[in-house]
Amino acid sequence: MSDTHFRPFDSLLDADTALATLRAAVAGADDGELFLERSRSEVISFDDGRVRTASYNAAEGFGLRAVRGETAGYAHSSEISEPALKRAAETARLAVGDGGGTLAEAPRATNVKLYTDNDPMTDAIFSVKLDTLREIDAFARALDPRVVQVSATLAASIQEVEILRPEGHLVRDIRPMTRLNVSVIVEQNGRRESGGMGGGGRTGLTGLLTRHHWEGVTREALRIALVNLDAEPAPAGIMDVVLGPGWPGILLHEAVGHGLEGDFNRKQTSAFAGLMGQQVASKGVTVLDDGTIPDRRGSISVDDEGTPSARNVLIEDGVLVGFMQDRQNARLMGVAATGNGRRQSYAHTPMPRMTNTYMLSGDTSPGDIVASLKDGIYAVGFGGGQVDITSGKFVFSCTEAYRVRNGVVGAPVKGATLIGDGATALRQIRGIGNDMALDPGIGNCGKAGQWVPVGVGQPSLLIGGLTVGGSAA
């Protein structure tokens, strides 16, 4: 594939023919679009002193959608050609049937660009990337003799999309992504523990390759591993929990964010269905989904239907005021699309998805929040988690947590899991810190088999009455 910019209507398709084919497919439909994409990605992994992975992937294709009521016809192909487009149009058209729909108004145009359109994979030659990973490995081992294994991964990608609307409107977006991850395993007296840190965003690789940056990431990965080396078994029971700022917002994303996506609420399968305008959280709790933050991992200049991203308030001072919407669910619910129609690739249909979801700061210092905790857990890092959208029930494992008694942070604990449900947890927030932070750029979100990059964030929070699962006798 060429390294020049993706321009399918310059070489692969005739623009007038493609538009006529799309219009024929959506005649009598409520909505639809032609989504064209080219993506390229590179991953280099250095593990335990040697190269583990060095891969480059490229793909391109299109997806054509026709929407009528609650039904969507979708066909996609990795071959961008007029015959393939015609076959896709005939397939998607089956969802329209006899028609009778009224084509929805086109998304508004925008000239906003939230990130560079340069290809991050060209920021450094392969040997420089590999040498940086070798330096990270050597640096981590030199920091502490207890380091027995180091893994470092550098990833870069670029996604180029063009969205043709039936009205003739053409939307383009070029989306870069980079990330550096470091994982360290330490051993002492036969006990092994791990720690990891990383991040990135819709930026070039240059900043991630600076020694100042990767040294900080490596030191933090080692610090977490050493903390866990000294960790005691976590207690179990119902107790108050303080969540740290930044990445712990992943709990907010999973336990609350998914429940505020339009499709789940339209179908009445969310714990928040039917609660619009009602108090669903403690006073002072304001939750946003904001795809407009420059260079952030979850940001998008336009979504995958061509709607500009937005700063959407979901919960304001504890009151439910909005949902995240794609075009189909917004139309069926009689509200405006919010720029949250996202898809993994041309082979997938769009659906309501989060971008950067976070809670705004309060007015309490984080020190005072921890000091108010009489007996509980201070959780600063999270790993995997699960949530049931209908009930809002969640289970999350802590990767870094501490026992707190009488406001004093004590020993680190290992094996702590937080169990609860999102709706109850929102009402049990008793303290909101003034230290809101976004995560370092490591989030991925799965829904219906599709994965998209996201961001999370929050201030320090005191939540009462969570169930803590632990292994202490």
(Q) Nearest 0.5 Å, please: how far is CD in Glu400 from CZ in Arg223? (A) 4.0 Å
(Q) Test side-chain contact (heavy atoms from CB on, under 4.5 Å) on Leu288 and Arg311; report intermediate values, then the result. (A) CA-CA 7 Å; Leu288 289 77; Arg311 183 179 186 270; 3.1 Å; yes
Q) Is there side-chain contact between Arg40 and Met121, with heavy atoms separated by less than 4.5 Å? A) yes
Q.
For the backbone of Ser194 and the side chain of Asn228, can you confirm whether one donor and one acceptor N or O come within less than 3.5 Å of each other?
A. yes
Q. Under 4.5 Å between any side-chain heavy atoms of Tyr402 and Val380, yes or no?
A. yes
(Q) Taking Lys447 first and then Glu261, would you say they form a salt bridge - that is, a charged N and a carboxylate O separated by under 4.0 Å? (A) yes
Q. Would you say the side-chain atoms of Tyr378 pair up with the backbone N or O of Val241, donor to acceptor, closer than 3.5 Å?
A. no
Q. Do the side chains of Leu462 and Ser372 get nearer than 4.5 Å, heavy atoms only?
A. yes
**Q.** Cationic N near anionic O, under 4.0 Å, Arg327 to Asp31
**A.** yes
Q) Taking atom types as modelled and ignoring hydrogens, do the side chains of Ser299 and Asn356 form a donor-acceptor contact shorter than 3.5 angstrom? A) yes
Q | Expected output: side-chain Arg353 to main-chain Gln344 donor-acceptor under 3.5 Å | A | no
Q. Under the 3.5 angstrom rule, does the side chain of Asp144 hit a backbone N or O of Ala140 as a donor-acceptor pair?
A. no
Q: Compute whether any side-chain donor of one residue and acceptor of the other, for Thr357 and Asp289, lie under 3.5 angstrom apart.
A: yes
Q) Is any side-chain heavy atom of Arg108 less than 4.5 Å from a side-chain heavy atom of Pro308? A) yes
Q. Do Arg165 and Glu305 meet the salt-bridge criterion of a basic N to acidic O distance under 4.0 Å?
A. no
Q) Do the side chains of Asn312 and Asn340 get nearer than 4.5 Å, heavy atoms only? A) yes
**Q.** Point-to-point distance, once rounded to the nearest 0.5 Å, from CD1 of Ile136 to OG1 of Thr218
**A.** 5.0 Å
Q: Specify the closest pair of heavy atoms between Asp30 and Gly101, including all atoms of both residues, with the distance to one decimal.
A: OD1-CA, 3.3 Å
Q.
Could you report the tightest heavy-atom contact between Ala66 and Val96, atom names first, then the distance?
A. CB-CG2, 3.7 Å
Q.
I need the Ile300 CD1 to Thr355 OG1 distance, nearest 0.5 Å.
A. 6.0 Å
Q: Answer yes if the side chains of Asp435 and Ser460 hold a donor-acceptor pair under 3.5 Å, and no otherwise.
A: yes
**Q.** Pairwise side-chain contact, Pro352 with Phe323, heavy-atom cut-off 4.5 Å (strictly under)
**A.** no
Q: Identify the residue among Gln159, Glu162, His76, Glu160 that makes a side-chain contact (heavy atoms from CB on, under 4.5 Å) with Glu37.
A: Gln159
Q) Just checking, any donor-acceptor pair under 3.5 angstrom between side chains of Gln149 and Asp47? A) yes
Q) Asn265 side chain to Ala273 main-chain N or O, any donor-acceptor pair under 3.5 Å? A) yes
Q: Run the numbers on Arg342 and Val454 for side-chain contact (heavy atoms from CB on, under 4.5 Å), then give the verdict.
A: CA-CA 11 Å; Arg342 305 187 66 188; Val454 296; 3.9 Å; yes
Q: Identify whether the distance between the nearest side-chain nitrogen and carboxylate oxygen of Arg331 and Glu70 falls below 4.0 Å.
A: no
Q: Give a yes or no on whether the backbone of Leu426 and the side-chain of Ser282 come within a donor-acceptor separation of less than 3.5 Å.
A: yes
Q | Nearest heavy atoms of Cys398 and Leu418, plus distance in Å | A | SG-CG, 4.0 Å
Q) Say you draw a straight line from CD1 of Ile44 to CZ of Arg52; how long is it, rounded to the nearest 0.5 Å? A) 12.5 Å
Q. Looking at Arg175 and Asp117, does any basic side-chain N land under 4.0 Å from a carboxylate oxygen?
A. no
Q: Could you give me the CA-CA distance, side-chain angles and deciding distance for Val186 and Arg192, then say whether side-chain contact (heavy atoms from CB on, under 4.5 Å) is met?
A: CA-CA 6 Å; Val186 294; Arg192 287 193 170 197; over 6 Å; no
(Q) Given 3.5 Å as the limit, does a donor-acceptor pair link the side chain of Asn434 with the main chain of Asp363, or not? (A) no
Distance-only criterion, 3.5 Å: show the donor-acceptor pairs between side-chain atoms of residues 247-254 and protein atoms not counting sequence neighbours.
{"residue": "Trp247", "atom": "NE1", "partner": "Phe382", "partner atom": "O", "Å": "3.0"}

Q. Would you find a donor on one side and an acceptor on the other, under 3.5 Å apart, between the side chain of Thr390 and the backbone of Thr269?
A. yes
Q) In this structure, are over 12 heavy atoms from other groups packed under 6.0 Å from Asn57 atom CG? A) yes
Q) Do Met324 and Leu314 have side-chain heavy atoms sitting under 4.5 Å apart? A) yes
**Q.** Ser157-Ser41 side chain donor-acceptor pair, cut-off 3.5 Å
**A.** no
(Q) Between Lys283 and Asp317, does any NZ, NE, NH1 or NH2 come within less than 4.0 Å of an OD or OE carboxylate oxygen? (A) yes
**Q.** OG1-CD1 distance between Thr178 and Ile158, expressed to the nearest 0.5 angstrom
**A.** 11.0 Å
Q. Does the ring of Phe35 carry Arg343 above it, NZ/CZ under 6.0 angstrom from centre and within 45° of its axis?
A. yes
Q. Hey, is the main chain of Val313 close enough, under 3.5 Å, to the side chain of Glu316 for a donor-acceptor pair?
A. no
Q | Residue pair Gln278 / Val319, side-chain heavy-atom distance below 4.5 Å | A | no
Q.
If you compare all heavy atoms of Val370 against all heavy atoms of Val404, which two are closest, and at what distance to 0.1 Å?
A. O-CG1, 4.2 Å
Q: Flag yes if more than 12 heavy atoms outside Gln386 fall under 6.0 Å of its CD atom; otherwise flag no.
A: no
Q. Hey, what do you get for CD (Gln188) to CG (Leu229), rounding to the nearest 0.5 Å?
A. 5.0 Å
Q.
If I compare all heavy atoms of Ser391 with all of Asp421, which pair ends up nearest, and what's the gap?
A. O-CB, 4.0 Å
Q) Under 3.5 Å, is there a donor-acceptor pair between the side chain of Asn329 and the main chain of Leu332? A) no
Q. Checking side-chain contact (heavy atoms from CB on, under 4.5 Å) for the pair Arg146/Glu187: CA distance, chi angles, key distance, verdict?
A. CA-CA 5 Å; Arg146 291 170 288 184; Glu187 182 175 9; 5.9 Å; no
Q: List the atom of Gly441, the atom of Arg296, and the distance in Å for their closest heavy-atom pair.
A: N-NH2, 4.1 Å
**Q.** Donor + acceptor pair across side chains of Tyr115, Asp173 (<3.5 Å)
**A.** yes
